[in-house]
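First the proteins, then the strands, lettered A, B, ... as listed; each starts at 1.
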Amino acid sequence: MQLDKIVIDAFEKNKIELVTTVPCKQLSGVIAELEARESMTHIPANKEDEGMGICAGAFMGGKRSAIIMQNTAIGVTINTLVTLTQFYRLPLPMLISFRGELGEPVACQVEMAVHTKALLAQLGIPTYHFHNRDDVHELDEILKYTFMCNKPVAILTDASFWKGE
Amino acid sequence: MIRSEIIKNLVPVLSGQLVVCNIGLPSQEMHLFGDQPSNFYMLGTMGLSSSIGLGLALAQDKTVIAIDGDGSVLTNLGTLPTIANNVRDNFILLIIDNGSYGSTGDQPTYAGKKTSLAAVASACGCENVIECQADEAVDVVEAAIASKKMTIIICKCISGNIPVPVITLDPVVIRHRFMQAVEA
């Protein structure tokens, strides 16, 4: 089965009904799969902090939400993660393309990659790193864990993961 | 008329409604004049009132009024295309435009100079954009609620502030009672 479908199936199984996205080349398949899924509302956002605001509102309105974005967005969203998502104790699965890892063709992506895990650790955000294709089978448990503990949770997905068919 | 007077005048109209209150003085003024469980007070995160309001409106059917400011909308200008392209007729965005960053000492914003937020909202694709003056705010908000059409209101007023206490409610308490009001 395609990874894109497995990922969105796990979202659906965990009753996530609204997903905001800011695209990344690595995420194009999963975003297309989301867009095609009738059971989920897809709201493209112009910036990731805006997307997190939409997710916060949706959750308080009774719908589980999630965000799909690139790891560069961690740099954009620190204030929102801390003063909104964490301060109000809101659950937020963050499916993140981990650019700048092995196989990366663009040097600039490495600059943010080297800070990504350190920033997430500094923020006290539970972080999972999908490197092999089989890692996707943890997604269901990670989503359950996120809605159990009411925290933002990062799922970093690197190029090796997405290529591991 | 300054923002705090507009907010005070709006309290009866907003009674029982789901209200997302912008960071800083707008939240503090709503809390002082018209605290209710269905007010969501933003204690931080400048710029996201409209985004939180849109998410809330997308997730359920009750009317949502997001109170924003010109400075905050300028901070998160990407919100207007998102709102325009994801129409929810239970959503009202009320931008109180005093042409200044009121909570930080009334430094002027570009909305008080050459930039028209009403024109920006229209250019972004928002369909019901109303610019009004402070003394029209109550009637315009009341009409927007009754219209059941997504409406963007830019309410012009002069800058200035009154002393108001900070909100000491715990954020989790704010969220909990707000979510109970959403469900009720």
Rounded to the nearest 0.5 Å, what separates atom OG1 in A:T80 from atom CG in B:L48? 4.5 Å
Have B:T45 and A:T83 got a donor and an acceptor in their side chains that come within less than 3.5 Å? yes
Closest non-hydrogen atoms of A:A58 and B:A59, given as atom of the first, atom of the second and distance, are O-CB, 3.4 Å
Side-chain contact test, heavy atoms from C-beta onward, threshold under 4.5 Å: evaluate it for B:N86 versus A:I54 and give yes or no. no
Near B:K8 NZ, under 6.0 Å, is it more than 12 heavy atoms from other residues, nucleotides or ligands? no
Please find out if less than 6.0 Å separates the ring center of A:Y88 from that of B:F40. yes
Assess whether atom NE2 of B:H176 is packed by more than 12 heavy atoms of other residues, nucleotides or ligands within 6.0 Å. no
Would you say A:V106 ends up clustered with A:W162 if hydrophobic residues are merged whenever their side chains have heavy atoms under 4.5 Å apart, either directly or through other cluster members? no
Treating Ile, Leu, Val, Met, Phe, Trp and Tyr as nodes and any side-chain heavy-atom pair under 4.5 angstrom as an edge, say whether A:L123 and A:F87 lie in one connected cluster. no
In this structure, are over 12 heavy atoms from other groups packed under 6.0 Å from A:K47 atom NZ? no
To the nearest 0.5 Å, tell me how far A:I43 CD1 sits from B:L58 CG. 4.5 Å
Greatest number of heavy atom pairs closer than 4.5 Å to chain A - which of B:L43, B:I174, B:V172: B:L43
Side chain, backbone, both or neither: which part of A:L84 has an atom under 4.5 Å from a heavy atom of chain B? both
Hey, is NZ on A:K13 packed in by over 12 heavy atoms from elsewhere, all under 6.0 Å? no
Heavy-atom side-chain proximity of B:L18 to A:M60 below 4.5 angstrom: no
Starting from A:L27, can I reach A:I74 by hopping between I/L/V/M/F/W/Y residues whose side chains sit under 4.5 Å apart? no
To the nearest 0.5 Å, what is the distance between CD (A:E50) and OG (B:S50)? 7.5 Å
Measure across B:G78 and A:N46 and return the closest heavy-atom pair with its distance rounded to 0.1 Å. O-ND2, 2.5 Å
For A:F59 and B:R175, which heavy atoms make the closest approach, and how far apart are they? CE2-NH1, 3.7 Å
Cluster overlap B:I153 with B:V19, hydrophobic side-chain contacts below 4.5 Å: yes
If hydrophobic clusters are built from ILVMFWY residues whose side chains come within less than 4.5 Å, do A:L34 and A:L18 share one? no
Among B:I23, B:T82, B:L54, residue most engaged with chain A (heavy-atom pairs, under 4.5 Å): B:T82
